[in-house]
Amino acid sequence: MSQKTLQAVRGMNDILPDEAELWERFEEVIRSWLHSYGYRPVRMPIVEPTGLFKRAIGEVTDIVEKEMYSFEDALNGEQLTLRPEGTAGCVRAVIQHSLAAQQPRRLYYMGQMFRHERPQKGRYRQFHQVGVESFGFTGPDVDAEQILMGARLWDDLGLEGISLQINSLGQPEERARHRAELIAYFEAHAELLDEDAQRRLHTNPLRILDTKNPAMQEMCAQAPKLLDFLGPESLAHFEGVQQVLRDAGVPYTVNPRLVRGLDYYNLTVFEWVTDRLGAQGTVCAGGRYDGLVEQLGGKPTPACGFAMGVERLIALIQDQDLAGGPEAVDVYVVHQGESASRLAFRVAEGLRDNGMAVILNCGSGSFKSQMKKADGSGAAYAVIIGDDEAAAGEVTLKSLRSADGEKGEQQRVKVDDLPATLMESIIDWEEE
RNA sequence: GCGGCAUUAGCUCAGUCGGUAGAGCACUGGAUUGUGAUUCCAGGUGUCACCGGUUCGAUCCCGGUAUGUCGCCCCA
């Protein structure tokens, strides 16, 4: 434990059985939810050429400048990178296979992403995202639908305390004009800018508006607003999105300071945020990126997508006591003696033939210790096989989940009758 | 990448004003022959994160490293 070589890489976590079962249940909810909106799965490599991310995400973003796991393939000198996000690879796949050439596409993927950041709760160097992307849809309807999807998912998962913020970044030209005026404005008030703001002035001036420095609040409130730079088409698109949200009764806040970290976004951007995860409050975020496909060498194709942070959602599920317990098997088979053990294998396989989950006691152990394991497994029933039973071609079927203090009822059952008897009992038991 | 706090049995934690350590849970065995969860009895739990310094002596004080955590930055 203290030996460095035996530890997982910093910021990369093992997900142990109790939690992994929750992950699998989560993934099942995700798949059925995506299917209900007609999204289809796609799986891309975890490693892509480094240049793909530089072109897609933007050279001067934090991700590309200092967070990517990049390396040279020692065998052929290729520059490769562990994907820090999924959209770039997805777009690459869409272009490479002409997926959106004939018709619009709705795609999703889930899996690991890698960013070399300082780990803390809700932020890891290997983390998981569910990514949802649409290609070929121009209007605000897909943006709105994707936002509605989030609302439904939180409901499906039973999560509370997640709220929606939206904004429009307009088109690149509109954003560029605003940015220029914003920088000019800040430069005109240079004496008010703190150190943070100075640094951001030319890298990410929109972020200055997020300042917590009271001395800058008033100056920021007067700064040029991006919405004032949007043309009629951009405004109409934004209004189209909001119309659907209002119709659907999904509450939202327009946050003019909401900007996405990646360069490729335009028009609609949105974030689902919670105040229950500390500093990492964003559980789901995305927006439209109409220029990216063309920028990466494909035919001009409008696109819109979002990604969810799986670790953050899992943390919310756990915090809100929605995690559920470990997944128990139906039956634990206790046996002792050679002929009994041989029969036990046959019995266990026979139950599995009937769709039941069965743990066969492996290794030695007294009846007592086997029964303890049976109880600990969470199984509803123990099937007990000793020499008596084996000789008679029977087993003892014992209930392990009777009322507190009550001894579990048990009965002798012919081996051939066991599956039918058990299935009836399990159905009765689950109905109670 | 920057700053604060933390690191003691498998888990959750207590403790030693510096003299090599405890509780609960869990685990294992037992309380009449082949029966769990309840009860009773017994038992191992540990280089007190790692490396170095101060000291007769450090788990405790100091420094560094690692990891976690909170915040900043950034983001899912």
Side-chain angles (χ1 to χ4, degrees), chain A residues 1-13 16 18 57 61-67 84-87 110-132 150 195-196 199-200 203-204 207 210-213 259-262 271-274 277-286 305-316 332 334-337 340 361 365-390 396-410:
Chain A
M1 190 170 112
S2 60
Q3 289 176 32
K4 192 182 171 190
T5 51
L6 290 180
Q7 285 187 9
V9 173
R10 184 177 199 193
M12 304 198 183
N13 303 118
L16 304 179
D18 282 343
I57 298 170
T61 57
D62 271 23
I63 292 178
V64 169
E65 281 184 340
K66 50 192 187 194
E67 295 176 1
E85 57 102 47
T87 300
M110 43 213 290
Q112 294 90 332
M113 307 294 162
F114 300 85
R115 292 183 199 172
H116 191 107
E117 298 182 276
R118 175 142 178 181
Q120 64 186 75
K121 186 177 181 183
R123 191 176 73 185
Y124 307 101
R125 289 183 176 177
Q126 173 182 285
F127 61 103
H128 297 72
Q129 286 187 342
V130 175
V132 179
E195 199 181 324
D196 241 20
R199 181 175 52 74
R200 285 163 164 163
T203 58
N204 204 346
R207 283 279 181 213
D210 278 333
T211 184
K212 287 162 185 137
N213 184 346
V259 290
R260 308 291 312 121
L262 315 181
E271 278 190 26
W272 291 96
V273 298
T274 177
L277 287 178
Q280 273 62 240
T282 304
V283 295
C284 174
F306 64 96
M308 290 180 286
V310 177
E311 281 83 354
R312 293 179 184 180
L313 286 169
I314 293 282
L316 275 185
Y332 193 103
V334 167
H335 58 94
Q336 200 159 60
N361 190 80
S366 64
F367 266 101
K368 188 185 182 72
S369 70
Q370 290 193 41
M371 286 303 294
K372 274 191 169 186
K373 286 175 189 160
D375 185 54
S377 76
Y381 291 92
V383 165
I384 302 166
I385 310 174
D387 293 332
D388 282 8
E389 287 90 342
T396 295
L397 175 61
K398 171 160 179 161
S399 167
L400 295 174
R401 304 292 147 213
S402 45
D404 284 346
E406 298 288 315
K407 277 229 157 195
E409 289 177 19
Q410 64 182 58

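Within every chain, numbering begins at 1; the chains are lettered A, B, ... in the order of the sequence lines, protein sequences first and strands thereafter.
Taking atom C1' on both nucleotides, A37(B) is separated from U33(B) by 23 Å, rounded to a whole Å. Comparing C17(B) with G22(B), their P atoms sit 15 Å apart, to the nearest whole Å. Here the separation of U45(B) from G52(B), taken at their P atoms, is 27 Å to the nearest Å. Taking the P atom of each, A66(B) and C50(B) are spaced 16 Å apart, rounded to whole Å. As rounded to the nearest Å, A9(B) and G34(B) have P atoms that lie 39 Å from one another. The same atom, C1', is picked in G46(B) and in C40(B); the two are 28 Å apart, to the nearest Å. Nucleotides U8(B) and U59(B) have their C1' atoms positioned 7 Å apart, rounded to a whole Å. Comparing the same atom, P, in G30(B) and in C70(B) gives a spacing of 45 Å after rounding to whole Å.
The 5' end of RNA chain B is approached more closely, in terms of each residue's nearest nucleotide, by His116(A) than by the other of His116(A) and Ile385(A). For the pair Asp387(A) and Arg118(A), both in contact range of RNA chain B, the more 5′-proximal nearest nucleotide belongs to Arg118(A).
If you check distances only, the side chain of Gln370(A) never reaches the base of U35(B) with a donor-acceptor pair under 3.5 Å. You'll find a donor-acceptor pair under 3.5 Å spanning the side chain of Glu389(A) and the base of G34(B), going by distance alone. For Lys368(A) against U35(B), no side-chain N or O and base N or O form a donor-acceptor pair under 3.5 Å.
Considering every non-hydrogen atom in both Arg123(A) and Arg118(A), the closest pair reads NH2-O, 2.6 Å. Taking all atoms of both residues into account, the shortest heavy-atom contact from Ile385(A) to Ala340(A) is O-CB, 3.5 Å. Taking both residues in full, the closest heavy atoms of Glu271(A) and Val259(A) are given as OE2-O, 4.4 Å, listed atom of the first, atom of the second, then distance.
Put simply, the side chain of Met110(A) does not reach to within 4.5 Å of the side chain of Val310(A), judged on heavy atoms. Taking 4.5 Å as the limit, every side-chain heavy atom of Lys66(A) sits out of range of all side-chain heavy atoms of His116(A). In this structure the side chain of Val334(A) never reaches within 4.5 angstrom of the side chain of Lys373(A), judged on heavy atoms. Residues Arg401(A) and Asp375(A) have side chains in contact (heavy-atom distance under 4.5 Å, counting atoms from C-beta outward).
Protein atom CG of Asn13(A) is 11 Å distant from nucleotide atom C1' of U67(B), rounded to whole Å. In this structure, the CZ atom of Arg115(A) is 5 Å from the P atom of A76(B), given to the nearest Å. Lys372(A) places its NZ atom 8 Å from the C1' atom of U28(B), with the value rounded to the nearest Å. Per the geometry, CG belonging to Leu277(A) stands 15 Å off C1' belonging to G71(B), to the nearest Å. Straight-line distance from the CZ atom of Phe367(A) to the P atom of G29(B): 15 Å, rounded to whole Å. Atom CD in Glu67(A) sits roughly 11 Å away from atom P in G1(B) (whole-Å rounding). Arg123(A) has its CZ atom 12 Å from the P atom of A76(B), to the nearest Å. Spacing between atom CD of Gln280(A) and atom C1' of G71(B) amounts to 10 Å, rounded to whole angstrom units.
The side chain of Gln7(A) lies closest to U67(B), out of A76(B), G34(B), U67(B). Nearest nucleotide to the side chain of Thr396(A), out of C73(B), A37(B), U35(B): U35(B). Of the candidate nucleotides U35(B), C73(B), A76(B), U35(B) has the atom lying nearest to any side-chain atom of Lys398(A). Nearest nucleotide to the Pro119(A) side chain, out of G68(B), G36(B), A76(B): G68(B). Picking from G34(B), G36(B), U69(B) the nucleotide with the shortest atom distance to the side chain of Asp375(A) gives G36(B). With A37(B), A76(B), C73(B) as the candidates, the nucleotide lying closest to the side chain of Ala285(A) is A76(B).
When Watson-Crick and G-U wobble pairs are counted only if both distances are under 3.5 Å, U38(B) pairs with no nucleotide at all. Base-pair partner of C27(B): G43(B) (Watson-Crick or G-U wobble, both distances under 3.5 Å). Shown here, G1(B) forms a base pair with C72(B); the pair counts as Watson-Crick or G-U wobble because both key distances fall under 3.5 Å. Of the nucleotides present, none pairs with U55(B) by Watson-Crick or G-U wobble criteria with both distances under 3.5 Å. With both pairing distances under 3.5 Å, U20(B) is matched to nothing as a Watson-Crick or G-U wobble pair. Shown here, A66(B) forms a base pair with U7(B); the pair counts as Watson-Crick or G-U wobble because both key distances fall under 3.5 Å. Partner assigned to U33(B) is none, using Watson-Crick or G-U wobble distances below 3.5 angstrom.
Here Gly122(A) lies in heavy-atom contact (under 4.0 Å) with a base. Among the protein residues, Gly365(A) comes within range of no part of the nucleic acid, since none of its heavy atoms lies under 4.0 Å from any strand. Within 4.0 Å of Gln336(A), counting heavy atoms only, lies no atom of the nucleic acid at all.
Paired with Thr274(A) under the rule side chain to side chain contact (heavy atoms under 4.5 Å, CB included), one option of Leu313(A), Thr282(A), Leu316(A) passes, and it is Leu316(A).
Residue Arg10(A) places at least one side-chain N or O closer than 4.0 Å to OP1 or OP2 of U67(B).
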